[in-house]
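These numbers come from the heavy atoms of this one structure, side chains and all, not from hydrogens, waters or symmetry mates.
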Amino acid sequence: MSSVLLKNADCVLTMDDAGREIAGGGVFVEGNRIAAVGGPDDLPATADEVIDLAGHILLPGLVNTHHHMFQTLTRVAPAGQDAELFGWLRSLFPIWQKLTPEMVDASTELAMAELLQSGCTTTSDHLYIYPNDCRLDDSIEAARRVGMRFHASRGSMSLGQSAGGLPPDSLVEDEDDILRDCRRVIEAFHDPAPLSMLRIALAPCSPYTVSEDLMRETAALARDTGARLHTHIAECAADVAFSRERFDLTPSEYVERLGWVGEDVWHAHCVHIDQPGIDLFARSGTGVAHCPCSNMRLGSGIAPVRAMLDAGVPIGLGVDGSASSDAGNLMSEARQAMLLQRAARGADAMTARRALALATRGGARVLGRDDLGALIPGMAADLAAFDLRRIEYSGARHDPAAALVFCGPTPSRHTMVNGRFLIRDGAFTTLDPGPLIARHGRLSAELMNA
């Protein structure tokens, strides 16, 4: 079993229960697990590989709880640049209808490369459209090449415009076909074991794109097979209005009626969740993926994150789709989460360390992972190191953890997943960004021009 010693960091931000921040400390990795964390006296003197992190901060790999990776192909699409959610979707559905398996593959690889640069080591992805023989398998294959820890969500849309839904009928699937494919991907790919690199979630897209029957049947299938459940709710005012008009229920009442609450469920956005909904999620352990950049970009509003945290709702961060946030940088989301709560509730509404907690242990909890999100012996060897000697941090090194959020974001110097460096000295080890960008750019142009 190979070993790696990362030593002499200016700060080791452990995110453990005690919130330890260790000056001059390090981490000892054996295989794919963390074996020791602490100061020089707590660590072995040597290892198969030794890396001196003087001038760096070392922290757990970040956890991304919500993404639509295929959308990297349609960043800043002109028709949707200044639209709210429903108008934005209507402008992009016709473009996404031309998506191909190669496009899913390339967009997944590029999105993961972007996330790794931000120190993110575990990501979910919500792929909910499957035109032209696209399959979830296409994104899974790309994730395996990159080497990122992956929670792949088999999304779905079944409620077309003719049935009162938002998407065009040409983009929806038959519900029996959806459920069959959901079972197939769980049986083929889902690995519930500790330190798993690949898990499957089931993810009907939203109340305005799927039927109540599909929501119920999907929940039953997930609980029969041990998969988790994910969807969007209460993202914008129009989303809430749809739930009230179609179901005579608030979004939280809707998901409660369908059995979509519990520790195996996480919902994206929840910008307009009400207090009874917050209380319901807190009681049931239902998670939330907070995506501040996307919410601001689409003018959706400010999620009541501080109120949810105070109530005990599990919350992680998500970059959301790169056609609504236009970037896939999870450290940027941590910074914006902190600033947005301060804009809404005052300068003490969220600290930098609380934002980092959402990006690490918070995200791990939302995804149902007790084996990552902190630098603790026995946990996954997923970590990120950032160089504090960069110009952006000059004058802020007296508080490295705060500097990382207030002064960033900057690219990681090292990103390790499952004991393996995927970024080493600022360079990717499992992909070549030049050809990837060229391929992705070519496919983006094909899709936008189609």
Side-chain angles (χ1 to χ4, degrees), residues 61-75 96 98-156 181-182 184-186 188-191 196-203 227 230 318-323 325-330 367 382 412 415-418 420-424 427-448:
L62 309 187
V63 180
N64 177 33
T65 62
H66 187 64
H67 206 329
H68 307 293
M69 294 182 177
F70 73 91
Q71 292 182 16
T72 59
L73 295 159
T74 55
R75 300 191 214 246
W96 295 337
K98 305 297 185 180
L99 198 70
T100 67
E102 185 185 7
M103 292 173 181
V104 173
D105 179 285
S107 60
T108 301
E109 186 174 2
L110 185 121
M112 288 187 168
E114 189 174 13
L115 287 167
L116 287 168
Q117 287 189 135
S118 72
C120 180
T121 55
T122 297
T123 186
S124 64
D125 182 45
H126 188 185
L127 180 61
Y128 56 81
I129 58 173
Y130 296 89
N132 308 309
D133 298 320
C134 291
R135 301 197 303 170
L136 192 64
D137 311 46
D138 303 319
S139 58
I140 290 171
E141 175 57 33
R144 284 177 168 164
R145 288 199 311 273
V146 174
M148 200 169 188
R149 203 177 299 276
F150 193 30
H151 284 237
S153 297
R154 205 302 182 181
S156 54
D181 196 56
C182 286
R184 178 190 69 82
V185 295
I186 291 171
F189 300 115
H190 182 60
D191 178 9
S196 166
M197 290 294 292
L198 176 60
R199 293 185 181 174
I200 301 298
L202 302 185
H230 183 47
V319 301
D320 202 13
S322 290
S325 69
D326 307 291
N329 188 309
L330 200 62
L367 293 184
D382 293 4
S412 67
T415 303
M416 174 185 281
V417 180
N418 208 42
R420 177 188 183 196
F421 284 107
L422 300 189
I423 293 180
R424 175 73 183 268
F428 292 103
T429 65
T430 60
L431 59 90
D432 186 340
L436 171 60
I437 292 168
R439 177 187 180 219
H440 183 271
R442 172 179 59 80
L443 292 169
S444 173
E446 288 180 11
L447 185 62
M448 293 296 293

Using every non-hydrogen atom in the two residues, find where [X] and [Y] come nearest and quote the distance to one decimal.
X: H190; Y: R199; answer: ND1-CA, 3.6 Å
X: D138; Y: D133; answer: OD2-O, 4.4 Å
X: I200; Y: A227; answer: O-CB, 3.4 Å
X: P131; Y: I129; answer: CD-C, 3.4 Å
X: A152; Y: F150; answer: CB-CE2, 3.5 Å
X: S444; Y: L73; answer: OG-O, 2.7 Å

task: Could you give me the CA-CA distance, side-chain angles and deciding distance for R135 and E141, then say whether salt bridge (charged side-chain N to carboxylate O under 4.0 Å, His left out) is met?
output: CA-CA 10 Å; R135 301 197 303 170; E141 175 57 33; over 6 Å; no
query: Between F70 and Y128, is the ring centre distance below 6.0 Å?
result: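 Between F70 and Y128, the centre distance is under 6.0 Å.
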Got a second to check how far [X]'s [atom1] is from [Y]'s [atom2], nearest 0.5 Å?
X: L127; Y: C134; atom1: CG; atom2: SG; answer: 7.5 Å
X: T430; Y: R420; atom1: OG1; atom2: CZ; answer: 5.5 Å
X: L422; Y: L115; atom1: CG; atom2: CG; answer: 12.0 Å
X: L62; Y: C120; atom1: CG; atom2: SG; answer: 6.0 Å
X: R442; Y: L447; atom1: CZ; atom2: CG; answer: 12.0 Å

Look only at the side chain of [X] and the backbone of [Y], and say whether a donor-acceptor pair between them is shorter than 3.5 Å.
X: D382; Y: N418; result: yes
X: S124; Y: T65; result: yes
X: S153; Y: G155; result: no
X: S118; Y: L330; result: yes
X: R149; Y: T121; result: no
X: T108; Y: S139; result: no
X: E109; Y: A142; result: no

field: Full working for side-chain contact (heavy atoms from CB on, under 4.5 Å) between T74 and M448
entry: CA-CA 7 Å; T74 55; M448 293 296 293; 3.7 Å; yes
4.5 Å side-chain heavy-atom contact, [X] and [Y]:
X: L198; Y: I140; value: yes
X: L443; Y: E102; value: yes
X: E114; Y: N329; value: no
X: M148; Y: L116; value: yes
X: I423; Y: M416; value: no
X: T123; Y: H151; value: no
X: K98; Y: E446; value: no
X: H66; Y: H230; value: yes

query: Taking the six-membered ring of Y130, is the NZ or CZ of R154 close enough (under 6.0 Å from the centre) and on axis enough (within 45°)?
result: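 Positive - R154 is close enough to the ring of Y130 and near enough to its axis.
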field: Stepwise side-chain contact (heavy atoms from CB on, under 4.5 Å) check, R439 with D105
entry: CA-CA 11 Å; R439 177 187 180 219; D105 179 285; 3.0 Å; yes
- request: I would like to know whether N64 and D125 meet side-chain contact (heavy atoms from CB on, under 4.5 Å); could you show each step before the answer?
  value: CA-CA 9 Å; N64 177 33; D125 182 45; over 6 Å; no
- request: Could you walk me through whether S107 and Q71 pass side-chain contact (heavy atoms from CB on, under 4.5 Å), step by step?
  value: CA-CA 7 Å; S107 60; Q71 292 182 16; over 6 Å; no
- prompt: Mind checking whether H68 and H126 have parallel, tilted or perpendicular rings, split at 30° and 60°?
  reply: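 Plane angle between 30° and 60°, so tilted.
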